[in-house]
Each structure stands twice: as C-alpha cells, then as structure tokens.
Trainee: 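This is the structure I want to talk about, given as structure tokens.
Proteins get letters first, then strands, A, B, ... in listed order; numbering begins at 1 in each. Predicted, not measured: the structure shown is a model, and the values here were computed from it.
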Amino acid sequence: MADYNKEEIRRIEDKWRAAWEQRGVYKVSNKSNKPKYYALDMFPYPSGAGLHVGHPLGYIASDIVSRFKRLKGYNVLHPMGFDAFGLPAEQYAIEHGIHPAKSTEQNIKNFIRQLNKIGFCYDWSREVRTCDPSYYKWTQWIFLQIFDSWFNRKKEKAERIAVLVSIFEQEGNVNHPFPNLKYKLPHSNKITFTNTEWKSFDEKYKQEILMQYRLAYLAYTDVNWCEALGTVLANDEVINGVSYRGGFPVVRKQMRQWSLRITEYAERLLKGLDEIDFSESMKEIQRNWIGKSIGAKINFKVKSEQSKVDSLTVFTTRPDTIYGVDFMVIAPEHEIVKDITSKAQQAEIDQYLKYVESRSEVERMAEVKKVTGAFTGAYAVNPISGREVPIWISEYVLAGYGTGAIMGVPCGDERDHKFAKHFNLPITNIIGSYYNGKEANPTYDAVLENSDFLNGLTMKQAIDVVVKKLEELGIGQRQVNYKMRDAGWSRQRYWGEPFPVVFKDDMPYAMDEKDLPLELPDSNNFKPSGTGEGPLANLKDWINISENERRDSNTMPTHAGAAWYFLRFTDPHNDKEFASREALNYWNQVDVYIGGSEHAVAHLLYARLWVKVLHDLGYLGFDEPFKKLINQGKITGDSRFVYRVRGTHKFVSAGLKGEYETDPLHVDVNIVNGLELDTEAFKKWKPDFANAEFILEDGKYICGSAIEKMSKSYFNVVNPDDIIENYGADTLRMYEMFLGPLEMSKPWNTNGIDGVFKFLRRFWNLFHDDKGNFSVSDTEPTREELKALHKTLKKVEQDIENFSFNTSVSEFMICVNELSSLKCNKRAILEPLAIGLASFAPHITEELWEKLGHEDTILNASFPQYNEEYLKENSFEYPISINGKVRAKMEFALDMPKEDIEKTVLAAEVVMKWTEGKPPKKVIVVPGRIVNVVV
RNA sequence: GCGGAUGUGGCGUAAUUGGUAGCCGCGCCAGACUUAGGAUCUGGUGCCGCAAGGCGUGGGGGUUCGAGUCCCUCCAUCCGCACCA
C-alpha cells in the first residue's frame, strides 16, 4: 500500500540514494568497449550561501543527457569538482578569522550534500578540488610547461625554450623578432641580435631576452590595482571601473606581474571557433574579445619647431580614407608630445596634460560626449598626398591601443567628426553624397572622390590599393591588430596556487618537477603586505629560501585551476602525470559542456589556450577542449514587496498604495502565496514587523512583484532543499526542465510545480490500483497504447539530442494522460516508459523498476527503440480552408489521390456554402497536411 | 554606438521548420465525490460578440494559395563589448 505522497517520496529517494552509493553504480571505468561520452558541468565555486534553484538548472540538463547516453549504450563520464580557490573565502577569513581551507571544506561538504539530494549521477570518486595540493601540483606543472615555451610564429605553434635557445645560438633572433613590438634590448636599444652577440650575453641578460618570448612571462604591466582588495584584477573582473567583487575603486598601477602570452594564440583561438559547436552569440563574444582588425601601419613625417622627431606611426583599419585625413590625434601620454610641442602651444598643452592627469581612467572611458583636446603646434605630412595636417592630443586616443596615434578622418569617423566640428577643423569630403555634412558616415561602399589615384574606386577596393602603394613606397605596411591583451596571471592573494619558481638575481627559474607541488604555506595572516605584494610576502621564512633565492609572493588566479580540470577528470588520481595519455585519448574532448554565459571570455578562452599549448607540446591529441557548449539561461528571482506607509507601521496592499505615500520593502517570497501575503507569518518574520497593521483589499494583502537576480538581500532565494522537502527531487528536476528552454533566462515561480508533481503521481498510479497496491498486468497492449508509448519515446529521444527538455516533459505528461484514460497498467507499456522517464526522474523509476521485478539498476537497462510501425496513420483529418481560413474538417485516407480529395472537398456542402457555387480559382491539396480552396 | 538575442492568452510556454496558432502546465470558472483538503476526478477557458461571425503571435509593409515561421522597416526588453582607431 503506497501513495506517491511526501512520506513515500522521502522513503523512496533516501532509499535509492543510499543504494546507488553503496553499490557504486556511478563509478565510471576508463576501460570499456563502449563508445565514450563526456558530459561536463562548469564546476562551481563553493560559496558559503549554498545552492539556490538557479544553480542546478544546467546540472539537471547534463545529468539527463548523461543518464540517457548511458541507457543508449555509451560509457559516460559525468564528473563534478570544485573551483575551490578564490577571493570570497579569503575575504571571509579576513573578516571572521576562519582559514580559507576550513571554510572551503565546509562549503564543499554542503554543496555535495545538496547536489546528492537532487540525485545526480556524478562519479564522486573522480571529484577534484583546485585547492588540493595533489591537484594544484599539476596546475603548477602545466604552468611550468607554459613558462618553458615560446610561440614559433613560423610554425604557428608553441615550442620548448630550448629550441629557441638553439636558434639564437645559430642565427640570433633575426627570424624571430620580439613578440612585443615596443621592446628594445636594454643598453643597445636595438631589436635584433646576432648569434655571436647571443653567445656573448651573460646569464641574466639571456634570461631577460628569453622572458620576452616565454608564453608565461614576467613584465611590468599596467594592472588594475584595487587598494581595498589589495589585489590586481583582470579586465573582466572590473566592472565600470570598480571591482567585480565588492565594488571597490580600481586604479592603474605598474607591477611586475606574470602574464600569459595569449595574444600569440589570437589567430588560432579565432580560427578554432569555426570547428566547435558553440552558440553563435558565444562565438561572437569571443570574436569581439579577440578583436581582430586588419589595416595598415602608416608613417607620417613630422614637422615641428624642435625637429627632434622624424615620424609618427598610426594604425588604421581604413587606409582607404588616406585622402580624408584632416588632422592627427595622439594620446596625451604619447612619448613624442614633449618633443613636438611648439613654444606658442606649450602653455595650452601643459594645461591640457594637467587636466588629463586629473582624469581617472574610468572617467576617460565613461565620458563619450565631451570633446577635449589641444593643438601641439606641430604638423604631420600625409605620405601619400603630401598634405600637412595639424597634430593634436586628446584623451579619446589611448596610449595602450595600436600605436597610440590615429589619423583623423572626420567625414568617415564619428569621433573624428565631433572632434573636427568642436575645434572648427576643416572637413575634407572624400565620399561625395555619402557625407551629409552633419554626421560622419563610416561606409565601405562609397565611391571615392578627392582622392587622386583612388578616385572612382569603392572604399573596399581602395584598401588593398593603398596598402600596396604604402608598401611599395616603404612608408607603411599591412598590419593585423588584435584588441585582446595578454592575460594577467598574478594575484596579490593568499588563497591560490603559489608560483613554482625560484628567483635568483631577480630572474625566475622553474622548480624541479620532483619538488612539486610547492605547497601553500599555512598562515593566519591573509592581509595584504601593504607593499603591493600579496600576503605571502608576510611569511619571511617561506619567501626567502636563502640569501639570494626568493619565492614569488603572488598566487595564480582561479582561472588557472579551471583551465584544465576537465583533463584531470579523465585520470584524477594519477600522481605521475596530470593525466595519462591513454585516459586523455580515450575520453578525448568534452562532448557537451553546460554552463553560464558569464564565463564567455575569461574561463573559456583560458581553457582553450591551455589545451592548445598542451597540444602543441605533445601532451594532447586535440587542441579544442569543448566540442559543444550549451549556455543555460539564468533563473531570476521573483521578488515580492510590501508597501509601508511612510512614518508608520501600516502596510498597504499593492492595489491601494496610490492613496498613500509609501516605501516598498522586499519581503521573503517564502511567506507569500502567489501575490497574497501571509500577514501572520509576516509579523513573525522580523521583530520590526511584530505589530504591523495592514490595509487590505478584498480582505487580502496583495504584494507587488519584480523580476530580479536571485539574491539573499532581495529575500527572493528559493532553496532546492525546501522544494525537495515538499515535493521530492524528481519533481524538482522535472519542474526545472519544464520551465522553458534551457538556454533562455526565466523567472523562478514555484506556483506551477504542482502540475509536475501531479504528473509523477499519475505516472505512479498507472502501476498501482485504487488501494495503492502494485498492480501490473501482462496482457498484450492495444495498438492505441503502443502508439502513445512509441510517440513519446520518439519525441523524447529527439528532444534530448536537441537539448529541448521542456518539450520532453510535456510529452511525458501527454503520454501519462493518455495511458491514464486508457486505464493501461500493462507491463509491455509501462516498463519501457519507465526507462524513458528514468533520465528525468531517477528515483521513482528505480523504485518502480524494482517493483517490476528487476534486480539490477534501471541505469543498466537499454533505452527502448521506438518503432515507426506503431506511429503510422492510415487516415488524416484534413483542415479544409477557404481563402486561407479553416472552415471545415474532413477525414481522408492518407493514400487517397489528390484529385479525389479535391473532388470530394468541392462537392461538400460546407465548401459550397463558402464558394457560393462559384468554381474555385485554385485548389491546393498538401497530402497529410491541408486543403486550401481559393475562390 | 557596435554586436548578439528575445517579443505568442492572466502566467510559464508549444507549434511537425512555410500548412489547423495556443500543445503541456499554472491560474481561473463550473460540476462530481460529500473524505472540509492548499486533496482527487470531470468539463470549460485567446479576445470581442447572445449568435452568425469577426479579430488575433510587439507595430507597419511585402512575398505566398497559405506567414508565429521568409524578406524589408520600425519599436520594446535583455545580454555582451565599448573613445579598440
């Protein structure tokens, strides 16, 4: 005797969770004759807040896919781990004195508890934690491989530093110029050296030079320094000039930092996008980030009073507009400013430079409308037209981009146009009627005018012509520019991977592999050192190995551990290698990776980079980690508000709030049913509200609502534990899928969950009689029952392959509705249906599977193949439309000839009524679809 | 500003990819059981209209026998990037 009620659900779900764990049914072997399938979730940062219902959305989807693939005969790798280093734990340690290792450990425990309750089929024996020394040993090891590599542009791949050294010994660097175009050899100021010169350099000098090539390198870089966090932030960790976490101000500061030379891989990262199945929008975001632009570097001769500077180089993507150049603008920080400013302009320039200094980077970025600038008094000579144009400085040109100088083409560029208008500079029109005198037109389609030898060409054509001319004359060259910058890889933090290097004479040397991991020293002091160095600098004994040997006081960013964890899952306990080649070859690429789109540029690019480097060095057989990426939409919170009449403890219902002066207050969604507030619960919610009074409408207190991000501070967080408590994990899983398409964002609303719960109960009832006794018959199924089953099996299989889970849930509901009204309790129908549903609702189906007499888990069953035979129809009820509007329905055999259908339709009374007896202009018969009569 | 998406009942959504718009669920209405339940079952429910019928997929236009679906245009919302030359 058993109803599918709260008690029974808890009994079933607890029973099977324990049984699965005990039997180890989720253990996955690397040795199998089955085809492999690798389904991966973006592993979570174990925050102290635990999971809310938004987190498991993607996990449920990947769990369904994993279980489905297993039923389809695949060996499925579906692991989970934790991105366990990170700032929040360190912040927490600073505030509460609890060691990050301890709080992280507790948080992970809680996460695992919550995840297990939902019934995921993770192979926990493969769990990895990035903060575990046995894991970060290999993060450090891979870092050292990157450190020991350079990018051979000729071969477009990474090679060992030793290869580079032997090249230098033979030919110097003439064929392999410094990747950084601005770099010049110390002392000599040159950019090349010969093999003899190389051999004459001392050790430190050689290391300094090699550092210019290493894929992981140290350099003084402008970094986002956040005083409050005492740390450097990556570009993507800075939002609107404040830190992503905490919202503290960020300023620029020069520090000697580790960077990854990801720019060398820009082209391959771009090209790789064509081979992988990411959404178009995701690829577009990455393309934008990489920001490839093709253009030209052009040298302009400079005429200034001081005659100190010969030329000025600009980068432009629009060399075709060369005849439209009316002025030049260089960044205020540009090194030539002081050397070209005329006496007459000196005061104005000084004043402007002062103004720019007072402006933070943030302000310069944020301000778009204001036009500022100053004339240097110098002129540049257009190398093609010979025309002299004034050189200005302006904050809208940034020193860090391109060459820090642009050619101003007001008729074709909006900012240049504003600049010209503001300072009354002349505007040369080279695009005829495409320019209206009021705003710039950045078209590529115009036919050029006022452009000498380019006249009559379209702008598109002219680009190549100009570049060729520039190269012929030796005054410029084709140039590819990438917006992307190298990735800052140092953090002034404690809770991260220490860099496995030793500094001798200020140069870093790789630690021996046998000495890895370099463990994070235990400490209770997590505060920044105050010198700009990280907390590790406080540990003198650790930092200073000997008199002239020192460790790095920085640690790696969380991106490091996340850049390769999917590789470790294939062989998580290997203490000889980061993963065996055999395991890597077997599991190969991740077949589907599900996670949020917020990792679009950082994590996904770094993971792709690390895999490419490891591939180039011969450790991997593939160079893209993720074959397919799915971005689940965010689940937003549905907040509720009460309206307090200002200065009172009276609360007015939403419909009446217009009559009072009120302040809206967030109220806990858990004490609101739909929109109706539980006023008693509200009084108990917080002491402040204990003697609240309510102004009701129709006897109810109605709340206001808003869709916002799910957050504790909005009191709109729904915890999966509570849902499971009331409805069970199977209902939660199916409801999350039922909400809508996986990739769409949607608000969470628990109201609809009853429908899914009732569905599972009805499914359960198919297997039980009125009294709750298990009752399944072995009678032959009818054709109708078979059709209901096979239609569902077909749709569900297709839906899962398309990651369309919401439609699967609907389909199951339809099937169970049909079988319920057919009162079907036949084994031949219910058993395959249970397997079909097992991926979505593992607990209930496992229980019924056992009741059906099976000893092995349903996980080892085979997904039933649908039979097209049962789905065939022999007749179809045609909608008969007249002039495109459906007016009648008529049933015809599916093999009935078109002509016969047409005749019968035209003869029908209903049709005659609409055609008024007139002969139709046209009759369209689409077999199995529709008949349309045109009058 | 650039790029990407999205827009369908009161709500979440579906639509065989050019062929009956609104499947499934929530909510709502009515009824049954009479076991007082936030239970279950049955029926109804896009809008207007007593009806016949008309109108309906963000707005406008187009292609087509036929458009939620394709094209043009405009609007709104969300996301990403942003003085990137």
Side-chain angles (χ1 to χ4, degrees), chain A residues 3 5 235-236 279-289 291 293 295 314-318 321 329 364-371 394-398 400-409 413-416 418-419 442 481-485 597-598 600-601 631 633-634 636 638 673-674 707 735 738-741 743-759 761-762 765 795 798 804 806-814 817 820-821 877-889 920-926 928-935:
Chain A
D3 280 335
N5 57 28
N235 285 329
D236 50 286
S279 72
E280 217 24 69
S281 58
M282 179 59 49
K283 289 184 180 181
E284 202 54 41
I285 290 168
Q286 293 213 348
R287 284 192 197 109
N288 263 335
W289 188 263
S293 53
V314 301
F315 171 74
T316 176
T317 54
R318 297 302 300 270
T321 61
V329 188
R364 279 179 66 173
M365 304 272 254
E367 199 101 53
V368 184
K369 283 174 195 143
K370 211 160 126 191
V371 179
S394 172
E395 59 178 343
Y396 83 86
V397 175
L398 299 184
Y401 294 112
T403 61
I406 64 157
M407 53 186 219
V409 183
D413 182 283
E414 193 47 48
R415 286 162 324 177
D416 297 348
K418 273 189 192 147
F419 194 82
N481 209 42
Y482 298 96
K483 182 161 85 181
M484 180 168 64
R485 289 185 254 179
S597 52
E598 67 270 22
V601 281
N631 294 115
K634 280 189 190 62
T636 40
D638 194 356
N673 183 18
I707 304 298
Y735 185 56
F738 186 63
L739 280 176
E743 301 189 51
M744 259 212 247
S745 286
K746 54 229 156 199
W748 177 270
N749 184 349
T750 309
N751 282 343
I753 201 168
D754 256 356
V756 170
F757 177 67
K758 281 186 215 163
F759 151 75
R761 178 153 56 196
R762 253 185 263 166
N765 289 341
K795 174 115 176 85
Q798 287 170 348
S804 171
N806 54 325
T807 51
S808 292
V809 179
S810 295
E811 184 58 35
F812 279 122
M813 288 174 171
I814 294 167
N817 287 349
S820 297
S821 50
E877 191 181 39
Y878 283 85
I880 312 298
S881 55
I882 286 114
N883 286 337
K885 293 211 184 279
V886 178
R887 298 296 182 185
K889 287 185 182 172
K921 259 193 204 158
K922 203 172 180 183
V923 180
I924 289 116
V925 179
V926 185
R929 288 247 195 272
I930 202 169
V931 178
N932 193 8
V933 181
V934 188
V935 195

Trainee: Side chains of Asn481(A) and Ser293(A): any donor to acceptor distance under 3.5 Å?
Mentor: no

Trainee: Write down the distance between CH2 (Trp289(A)) and P (G4(B)), rounded to a whole number of angstrom.
Mentor: 19 Å

Trainee: Just label G9(B) as syn or anti from its O4'-C1'-N9-C4 or O4'-C1'-N1-C2 angle, using within 90° of 0 for syn.
Mentor: syn

Trainee: Nearest heavy-atom pair of Val397(A) and Ala405(A): which atoms, and what distance?
Mentor: CG1-N, 4.1 Å

Trainee: Restricting to non-hydrogen atoms, name the atom on Asn288(A) and the atom on Lys483(A) that form the minimum distance, rounded to 0.1 Å.
Mentor: O-CE, 2.8 Å

Trainee: When you match Leu739(A) and Met484(A) each to their closest nucleotide on RNA chain B, which lands nearer the 5' end?
Mentor: Leu739(A)

Trainee: Measure from the side chain of Val886(A), starting at C-beta and using heavy atoms only, and say which of U20(B), G3(B), C83(B) lies closest.
Mentor: U20(B)

Trainee: Nearest whole Å is fine: how far is G25(B) P from Ile753(A) CD1?
Mentor: 16 Å

Trainee: Describe the nucleic acid contact of Asn749(A) in one word from base, sugar-phosphate, nothing, applying a heavy-atom distance below 4.0 Å.
Mentor: nothing

Trainee: Under 4.0 Å between any heavy atoms, over every strand shown, what does Ile924(A) touch: base, sugar-phosphate, or nothing? Just pick one.
Mentor: base

Trainee: Taking C47(B) as the reference, what is the distance to C28(B) when you measure between their C1' atoms (whole Å, please)?
Mentor: 16 Å

Trainee: Pick the C1' atom in U42(B) and in C75(B), then give their distance to the nearest Å.
Mentor: 45 Å

Trainee: In whole Å, what is the span from the CZ atom of Phe759(A) to the P atom of C26(B)?
Mentor: 13 Å

Trainee: Rounding to the closest angstrom, what is the interatomic distance between C79(B) and G19(B) at atom C1'?
Mentor: 35 Å

Trainee: Indicate, with a heavy-atom threshold strictly under 4.0 Å, whether Pro747(A) touches base, sugar-phosphate, or nothing.
Mentor: nothing

Trainee: Assign the ring pair Trp748(A) / Tyr735(A) to parallel, tilted or perpendicular, where the plane angle (0 to 90°) is split at 30° and 60°.
Mentor: perpendicular

Trainee: Distance check needed: C24(B) P versus Tyr735(A) OH, whole Å only.
Mentor: 17 Å

Trainee: Does U63(B) fall in syn (glycosidic angle within 90° of 0) or anti?
Mentor: anti

Trainee: Measure NZ/Lys795(A) against P/C24(B) and give the value in whole Å, please.
Mentor: 13 Å

Trainee: For the base of C81(B), is there a side-chain donor-acceptor partner from Asn288(A) under 3.5 Å away?
Mentor: no

Trainee: Quick one: Lys283(A) NZ to C79(B) P, roughly how many Å, whole number?
Mentor: 24 Å

Trainee: Work out how far the C1' atom of C72(B) is from that of G9(B), and round it to whole angstrom.
Mentor: 29 Å

Trainee: Looking only at atom C1', what distance separates C24(B) and U8(B), rounded to whole Å?
Mentor: 15 Å

Trainee: Could you measure between the two P atoms, the one in U64(B) and the one in A14(B), and give it in whole Å?
Mentor: 31 Å

Trainee: Using a cut-off of 4.0 Å on non-hydrogen atoms, how would the nucleic acid contact of Asn817(A) be classed: base, sugar-phosphate, or nothing?
Mentor: sugar-phosphate

Trainee: Looking at every strand, decide which applies to Asn883(A) at a 4.0 Å heavy-atom threshold: base, sugar-phosphate, or nothing.
Mentor: nothing

Trainee: Could you tell me which non-hydrogen atom of Asp416(A) sits nearest to which non-hydrogen atom of Gly408(A), and how far apart they are?
Mentor: OD2-CA, 3.5 Å

Trainee: For Gln798(A) and A15(B), give me the distance from atom CD to atom C1', rounded to whole Å.
Mentor: 15 Å

Trainee: How would nucleotides 38-46 of chain B be written as a contact map, 5' to 3', with B for base contact, S for sugar-phosphate-only contact and - for no contact, using protein heavy atoms under 4.0 Å?
Mentor: BSSS-----

Trainee: I want to confirm an ordering. Mapping Glu811(A) and Lys634(A) to their closest nucleotides on RNA chain B, which one lands closer to the 5' end?
Mentor: Glu811(A)

Trainee: Atom CD of Glu284(A) to atom P of G4(B): distance rounded to whole Å?
Mentor: 6 Å

